[in-house]
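Quick notes on the structure that follows.
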Amino acid sequence: MSQRRQKTTSYDEIDAKQRQIEEHTNAKLANAIKTVTLNKQRAETLHQQWRSHLLSVSYMVTLVSIHQARSLFDDWDVAAYRCEIVNVVLCVLTALFLYDLVKRASCSNILANYWYGIVSFTVILDLSLFFQMRSVDDGRERAFPAGVILYLIVSGACAFMNYGMKGIDGNLKLVRDLKLRLDETREQAKEVRLRKKKEDEAKEK
């Protein structure tokens, strides 16, 4: 009888210690999930501010591209200023792309946005026209398209934001998967202890 009590007490002590460990681990994991989630919210807020700033910059670059095409409004020679026309279109499309991003509360895989695909195609067209028509009819060098520079800046910023958000999402998934595996391991350990306890009780009868 004394031996049976001793075993029961031993099991109770193990359960009590296990509960303490579980409570401590759960608190640590909950704190880790809270921290990573908070970091994600802060990053999304920061990225939203960046997108808004880039949208403002796109408005200014659009004005610059219109200024580059100012000669077009003097003689309306559309054929001679195709590069400048496409450059203005490029800036407008980039602004529309950024406006679409600003409207979204959260953006994942920004570079897969359909507006970005249209902008990328327009960049290729703009560059091909620029290299075909390096100089204007009067011999002056054509200014490099401001819209292409804007595109490169926006693409770099979006790629950086994508990389940062993927890292945060990966950390959050890692912590949640760890919690899930620990919960599964605890349940298995409880089943083993319970089975062992029943086996010991059956032997003593």
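In this chain, numbering begins with 1 at the start of the sequence shown. Please read these numbers as outputs of a predicted model, since none were measured by experiment.
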| message | Can you list everything that forms a salt bridge (Lys or Arg N to Asp or Glu O under 4.0 Å) with Lys28? Sequence neighbours excluded, please. | response |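 With neighbours one apart ignored, the set is empty.
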| query | Between Asp177 and Lys173, is there a side-chain N and carboxylate O pair less than 4.0 Å apart? | reply |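 A salt bridge links Asp177 with Lys173.
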Would you indicate whether the side-chain heavy atoms of [Y] and [X] approach each other to under 4.5 Å?
| X | Y | result |
| --- | --- | --- |
| Leu90 | Ser65 | no |
| Val175 | Asn171 | no |
| Val154 | Leu150 | yes |

| message | Restricting to non-hydrogen atoms, name the atom on Gly147 and the atom on Cys91 that form the minimum distance, rounded to 0.1 Å. | response |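 Residues Gly147 and Cys91, closest heavy atoms: CA-SG, 3.5 Å.
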Once rounded to the nearest 0.5 Å, what's the spacing between atom [atom1] of [X] and atom [atom2] of [Y]?
| X | Y | atom1 | atom2 | answer |
| --- | --- | --- | --- | --- |
| Asn113 | Cys158 | CG | SG | 9.0 Å |
| His47 | Asn162 | NE2 | CG | 9.0 Å |
| Leu172 | Ile33 | CG | CD1 | 7.0 Å |
| Gln48 | Glu44 | CD | CD | 9.5 Å |
| Asp100 | Arg51 | CG | CZ | 10.5 Å |
| Thr94 | Tyr59 | OG1 | OH | 12.0 Å |

Applying side-chain contact (heavy atoms from CB on, under 4.5 Å), name anything that partners [X], two or more places apart in sequence or on another chain.
| X | answer |
| --- | --- |
| Asn39 | Thr35, Arg42 |
| Ser120 | Tyr116, Tyr151 |
| Phe121 | none |
| Ile149 | Phe144, Ile153 |

For residues [X] and [Y]: do they belong to one hydrophobic cluster (side chain heavy atoms under 4.5 Å, members Ile, Leu, Val, Met, Phe, Trp, Tyr)?
| X | Y | answer |
| --- | --- | --- |
| Tyr99 | Phe97 | yes |
| Ile118 | Val148 | yes |
| Val57 | Trp115 | yes |
| Leu38 | Leu178 | no |
| Val119 | Met60 | yes |

| field | Side-chain donor/acceptor of Glu84 to backbone N/O of Ile66, under 3.5 Å | value |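 Answer holds: no.
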| request: Check for a donor-acceptor pair, side chain of Ser58 on one end and backbone N or O of Leu55 on the other, with a separation under 3.5 Å. | output: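 Between the backbone of Leu55 and the side chain of Ser58 there is a qualifying donor-acceptor contact (under 3.5 Å).
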Table please: side-chain donor-acceptor pairs of residues 124-132 below 3.5 Å, with sequence neighbours left out.
from   : atom 1 : to     : atom 2 : distance (Å)
Ser128 : OG     : Ile124 : O      : 3.3
Ser128 : OG     : Leu125 : O      : 2.7

| task | List for me each residue that meets ring-ring contact (aromatic ring centres under 6.0 Å, His included) alongside Phe160, sequence neighbours excluded, and say none if there are none. | result |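 If we apply the ring-ring contact (aromatic ring centres under 6.0 Å, His included) test to Phe160, skipping adjacent residues, the hits are Trp50.
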| Can you name the residues that form a side chain to side chain donor-acceptor pair (under 3.5 Å) with Lys166, not counting sequence neighbours? |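 Once residues adjacent in sequence are excluded, Lys166 has no partner under the side chain to side chain donor-acceptor pair (under 3.5 Å) criterion.
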